[in-house]
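See structure below.
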Amino acid sequence: MRVAVQGCCHGEMDAIYATLAAAEQRTGQKTDLLLCCGDFHSLRGAGDLDCIAVPAKYKQLGDFHKYYSGEREAPCLTIFIGGNHEASNYLQELGFGGWVAPNIYYLGYCGAVRVGHLRISGLSGIFKRHDYPLGHFEAPPYDRSTLRSVYHVRRHDVWKLQQLGGVEDGVTDVMMSHDWPRGIARCGNTEELLRRKSFLRDEVNDNSLGSAPGEELLNALRPAYWFAAHLHVKFPALVAHRLGRPRPAAPAGASDPPPGAEGSQTKFLALGKCLPGHDFLQILEMPAPEAGAAAAEGGAAGGGSPVLRYDRRWLAVTKAAAPYFHVGRSAFRPPQEHALREQLSAAEAFVAAAHPTEESLVVPTNFVIPAAPYAVNGQTEAMLGALGLDAAATLQGRAPQPGQQQAAQQPAATLDGLKSQAAKRRRELEAEEANAPTGGMLDGEIDLD
Ligand code: 5GP
Ligand code: MN
C-alpha cells in the first residue's frame, strides 16, 4: 500500500493532492492513503474564521471548504489529526473521530482506525503542561484564552491511547502527532537538524524540545512508524526500544523484532509545511496484508481503494473510557487498574458481539452537510450510540466520574481513611498549582516561518 505522509497542511489541500497526482504521473503508481499530521485548517466557511488561532495575516479560508461543499473531491482516503491551527469548533464536534468531508477522516482528540491490516493511531494538538490534566472544558464561542487552550493535549486522551496496549492487543503500525515526541531530536542527525534550525539548540541540549506525553506514548506503543510535523523541517530518526527509553538505533536489520516487542524499532519522520521548496510530503510503501487476507480486508492490496475500518480494541477503549471523559477544568484522574481492566474486558466482549465480521467494522460513509442547527454532530451520535453510549450525556461529561464510582464501590469510609484521602488530594492540588499557567508566549504568537 502506497502511503503519502504530509507535514502541516495549512489549508493547502489543492496543492497537496496536485503533488500526489504529479507523483502518480511520474511513477505510474497511485497513492492509496494520505496521512496529514495537523495544522489541517478545515474551515468550512467564513463563520469558522473566529475559531482558528492564527496571526491575522494567515486568517484565510484555504482550500478545505471546496472539499466540504462537494465542489472538489479528495482523490484518496485522507486521515488527519489536529494541530494548533484548526477550525476548533468543527473538530470539537467530531472529538471522537469522523468524516469532515467525503473521504477525509479526522481521528478525533485521539484515535485509532484500521486501513487494510494497518492500525493507524493519532493524537491531536500540542502539549502545554498547564492544560494537560484538564478536561475538554472549551466550547465555542472561544475567547482569547480558550481559542488556544482548545488544541492543547489532554492527559485523558494520552491515557486512552495507552490502553491500546502492548503487542498482545495488536501492534500499532502508525502513530501520528503534531508536535514531536520529546527526545526524538537526539535519535537522528541532530547536527544537521541544528544547522537548519539553530534556534532549537538549547532545547535539544536540555531535552525540553517536544512533547513529554508523546515520548511516553512512543515508549508504550512502540509503533513501526511515527509521523509528526509542527517544526517545519524534515527530520528522520530511528528509535530503539530497549530498557523502556527511546534512544538512537542502528539501521534496521532483517532480524529485528516486530513492532511493539522489546528490541523493536520505530521509524520516525517529521515533515515540513506545504510550500514550494519545502520537504512536506513523503510517499512510503507499507507492507500489504498476506495475499489471502487482502481479499477479505478489501483495500489497496485487493485492487480497490482502501477501506476505513474501526479498530476493535479502540472501540473497546472508547466505550470503557467514556465515563471518564470530562468537560470541566478539574484534573483527570484515571480509574484504578483493576476497575479499568474489568471495564475494558466487558467493553471488548460488547465490541466482539457488535462487530463479529470485518464487514461490520467498516466506518459508515455518513458525512452530510446538516440542513439545520444541531446539538450533537450526527456522526458522533451514531458512533457513540453504536457503542451503547448516550452521546449528549458523554459529551457533557454527565456519565459517572471516577471518584463517584469508586466511592460507591468502596466499603464505608473510616475517619483515618478520609483524612489520608484529603491529605493526598491536597498534595495533588498543590502539585497542580505549581504547574499552573505562568504566562509567556502564546502558541498563536509563534512566528510562522
Ligand atoms: P506553527 O506553524 O504551528 O504556528 O508554528 C510552528 C513554528 O513554531 C515552527 O517553525 C517553530 O519555529 C516554532 N516552534 C514550535 N514549537 C516550538 C518549540 O517547542 N520550540 C521552539 N524553539 N520553536 C517552536
Ligand atoms: Mn503547528
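Reckoned from all heavy atoms, side chains included, excluding hydrogens, waters and symmetry mates. First listed ligand is number 1; within each ligand, the first listed atom is number 1.
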Under 2.8 Å from the Mn ion (ligand 2), which protein N, O or S atoms do you find? Ignore water molecules. Asp39 OD2, Asn84 OD1, His178 NE2, His230 ND1
Looking at residues at least two apart in the chain, or sitting in another chain, which of them share a salt bridge (Lys or Arg N to Asp or Glu O under 4.0 Å) with Glu12? none
Subset of ligand 1 atoms that lie under 4.0 Å from at least one heavy atom of Leu231: 9 (C), 10 (O), 14 (N), 15 (C), 16 (N), 17 (C), 24 (C)
Taking only non-hydrogen atoms of Phe199 and a 4.0 Å limit, the atoms of ligand 1 in range are 12 (O), 22 (N), 23 (N)
Spatial distance of atom CD1 (Ile79) from atom CG (Leu77) [nearest 0.5 Å]: 4.5 Å
Quick one: look at Asp39 and ligand 1, take heavy-atom pairs under 4.0 Å, and tell me if it's side chain, backbone, both or neither. side chain
Which one holds for Val233 and ligand 1: side chain close, backbone close, both close, or neither close, with close meaning a heavy atom under 4.0 Å? neither
Is atom CD of Glu192 surrounded by more than 12 heavy atoms (other residues, nucleotides or ligands) closer than 6.0 Å? yes
His85 vs His41, ring pair (Phe, Tyr, Trp, His ring centres under 6.0 Å): CA-CA, chis, key distance, verdict: CA-CA 6 Å; His85 301 299; His41 208 112; 7.9 Å; no
Evaluate whether atom CD of Glu285 has more than 12 neighbouring non-hydrogen atoms of other residues, nucleotides or ligands under 6.0 angstrom away. yes
Shortest heavy-atom approach to atom 22 (N) of ligand 1 - which of Glu203, Lys273, His232, His230: Glu203
Short N/O distance, under 3.5 Å, between His178 and ligand 1? no
Show which atoms of ligand 1 fall inside a sub-4.0 Å distance from at least one heavy-atom site of His85. 1 (P), 2 (O), 3 (O), 4 (O)
His65 meets the side chain to side chain contact (heavy atoms under 4.5 Å, CB included) criterion, sequence neighbours left out, with Leu61
Heavy-atom contacts under 4.0 Å between Leu200 and ligand 1: side chain, backbone, both, or neither? side chain
Polar contact flag for Asn84 and ligand 1 (N/O pairs, less than 3.5 Å): yes
Please identify each residue that fulfils side chain to side chain contact (heavy atoms under 4.5 Å, CB included) with Asp50, with sequence neighbours left out. none
I need the Lys66 NZ to Asp63 CG distance, nearest 0.5 Å. 4.0 Å
Does Arg154 make a cation-pi contact with Tyr109 (under 6.0 Å, within 45 degrees of the axis)? no
Are the side chains of Tyr67 and Tyr17 in contact, using a 4.5 Å heavy-atom criterion? yes
